Amino acid sequence: MIPEGPGRPDDERAGRIDLLQRMAIRTSERARTDLLRRARTIDHTQGPWLESGGRRLLAFCSNDYLGLAQHPQLIAAFKRVADDEGVGSTAAHLVCGHRREHAMLEDAVAAWTGRERALLFSSGYMANLGVMQALLGRGDLCVQDKLNHACLLDGATLSGATLRRYPHRDATAAARQLAGEPAAAALLATDGVFSMDGDRAPLRELAALCGRDGATLMVDDAHGLGVLGPGGAGSVAEAGLSAREVPVLMATLGKALGSHGAFVAGSATLIEGLAQFARTYVYSTAMPPALAAAALAAVQLARADDWRRDKLATLIARLRAGAAQLGLPLARSDTPIQPLLLGDAAIALAAATALEARGLLVTAIRPPTVPAGQARLRITLSAAHEEEHIDRLLDALATLPQAGGRTPV
Ligand SMILES: Cc1ncc(COP(=O)(O)O)c(C=O)c1O
């Protein structure tokens, strides 16, 4: 007889824990502690404006830092290739999914980041899993910043390597972690710009450490590419670090580049090896060629349009000056990620709800995405915002009792 599913009464089960029931208990525990997450359906977007549930909201939570997601050149490139080539790539890169548009995009991001070659992945998550699993194995050491993105941490865990995490931005502690296992092959991986905090890794110190110690440095520049460095080439370029000093550079196309997907850039040896051994590359369908064409248009705009970075800097300065005047606890950050630290998850949720009532969408970020007691509003800015949008946000933040804001007199 085919065993019945989770609807079967407990007493008929053969002493086995029901997986779905266990998960339901975990979910209700999240609801009890104000940690439940739900996707909101967005019906329409226009620049920084969203429509959801019949309401128009000014959003400060997207990662479209350069305001490229709706740029006419991206849309035209996407449509042109979709008209010519259809939608799906139909296969993995190594089968017959690798199209001219992918090759052109790989060349463009390699040139932009000053690396020999690049390899596309369908998402940043997949890129990080693929790199870690291809480079590392049991007996190896992976040293990471405690606040690295979840996919770097997951990648190390899945690789079977020993994962050691050092306190945030503490290069001395990273050195201790490496010194603890001097004989192990080692990868030190860090976000370039930390996704929930907006601050930057001490890349020069970490590169010097890896150079001394024989470890390989990997930087995930998901939030730095397009935003920092000369021509937006990212936090590694801004730190003036070469491909020898940062041999593994990963970045995403779904944030400042307003499209989707990710790449790893580095030496021909690295890229050749990843194409052999990174399972998330080998065994996954290539991104649609129209998407690669749109991303290529985004790379060209991001390189050329310094005004977008200049505008962002003006908006960031305006927000920070206003927040300082109001006594708001903004985290220390000079990037478009400007977290307002509130502590308790319920307080962060209440603050987000209060802002929404005033027509502003700012997401509350709660554990486990951030450590317990460090819930926050993750405010993000975009070149698509205007100064009056920042003023509107500041006016609303000033009324938040949760943030200790003082309504200006
Ligand atoms: C630092 C960092 N790395 C990787 C990712 C994953 O990228 P993707 O959204 O393309 O999977 C993210 C994003 O969400 C991120 O913030």
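Atoms within a ligand are numbered from 1 in the order they appear, just like the ligands themselves. Keep in mind that what you see is a predicted model, and the values were worked out from it rather than measured.
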Could you give the side-chain donor-acceptor pairs of residues 338-358 under 3.5 Å, partners two or more places apart or in another chain?
residue: Gln338; atom: OE1; partner: Arg320; partner atom: NH1; Å: 2.5
residue: Gln338; atom: NE2; partner: Ser333; partner atom: O; Å: 2.9
residue: Gln338; atom: NE2; partner: Ser333; partner atom: OG; Å: 3.4
residue: Gln338; atom: NE2; partner: Thr335; partner atom: O; Å: 2.8
residue: Asp344; atom: OD2; partner: Ala346; partner atom: N; Å: 3.1
residue: Thr353; atom: OG1; partner: Leu349; partner atom: O; Å: 2.8
residue: Glu356; atom: OE1; partner: Arg40; partner atom: NH2; Å: 2.8
residue: Glu356; atom: OE2; partner: Arg40; partner atom: NH1; Å: 3.1
residue: Glu356; atom: OE2; partner: Arg40; partner atom: NH2; Å: 3.4

Inset, instruction - Check the surroundings of atom CZ in Arg55: do more than 12 heavy atoms from other residues, nucleotides or ligands lie under 6.0 Å from it? - result: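 Enclosed: over 12 neighbouring heavy atoms sit under 6.0 Å from CZ of Arg55.
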
Inset, instruction - Give a yes or no on whether Arg37 atom CZ has more than 12 heavy-atom contacts from other residues, nucleotides or ligands under 6.0 Å away. - result: yes

Inset, instruction - Step through it carefully: locate the ring centre of His149, locate the ring centre of Phe194, and say whether they are under 6.0 Å apart. - result: no

Which of the atoms of ligand 1 are close to [X], meaning less than 4.0 Å from one of its heavy atoms?
X      : answer
Asp191 : 1 (C)
Thr252 : 7 (O), 10 (O)
Ala222 : 1 (C), 2 (C), 3 (N), 15 (C)

How close does the nearest protein non-hydrogen atom get to [atom], and which residue and atom is it?
atom                    : answer
atom 16 (O) of ligand 1 : His223 NE2, 2.6 Å
atom 15 (C) of ligand 1 : His149 CD2, 3.2 Å
atom 3 (N) of ligand 1  : Asp220 OD2, 2.5 Å
atom 11 (O) of ligand 1 : Tyr125 N, 3.0 Å
atom 7 (O) of ligand 1  : Gly124 CA, 3.3 Å

Inset, instruction - Mark yes or no for whether Trp112, through its side chain, and Gly226, through its backbone, hold a donor-acceptor pair below 3.5 Å. - result: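 No.
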
Inset, instruction - For the pair His93 (side chain) and Met287 (backbone), establish whether a donor and an acceptor sit closer than 3.5 Å, ignoring hydrogens and angles. - result: no

Inset, instruction - For His168 and Asp197, test the side chains for any donor-to-acceptor distance below 3.5 angstrom and give the result as yes or no. - result: no

Inset, instruction - Examine the proximity of ligand 1 to Cys151 and report which part, side chain or backbone, both or neither, has a heavy atom under 4.0 Å away. - result: side chain

Inset, instruction - For ligand 1, note which part of Ser123 has a heavy atom under 4.0 Å away: side chain, backbone, both or neither. - result: both

Inset, instruction - Please name all residues satisfying side-chain contact (heavy atoms from CB on, under 4.5 Å) with Glu116, sequence neighbours left out, ordered by chain then number. - result: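 If we apply the side-chain contact (heavy atoms from CB on, under 4.5 Å) test to Glu116, skipping adjacent residues, the hits are Ser267, Ala268.
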
Inset, instruction - Report yes if Lys255 has an N/O atom closer than 3.5 Å to an N/O atom of ligand 1; otherwise report no. - result: yes

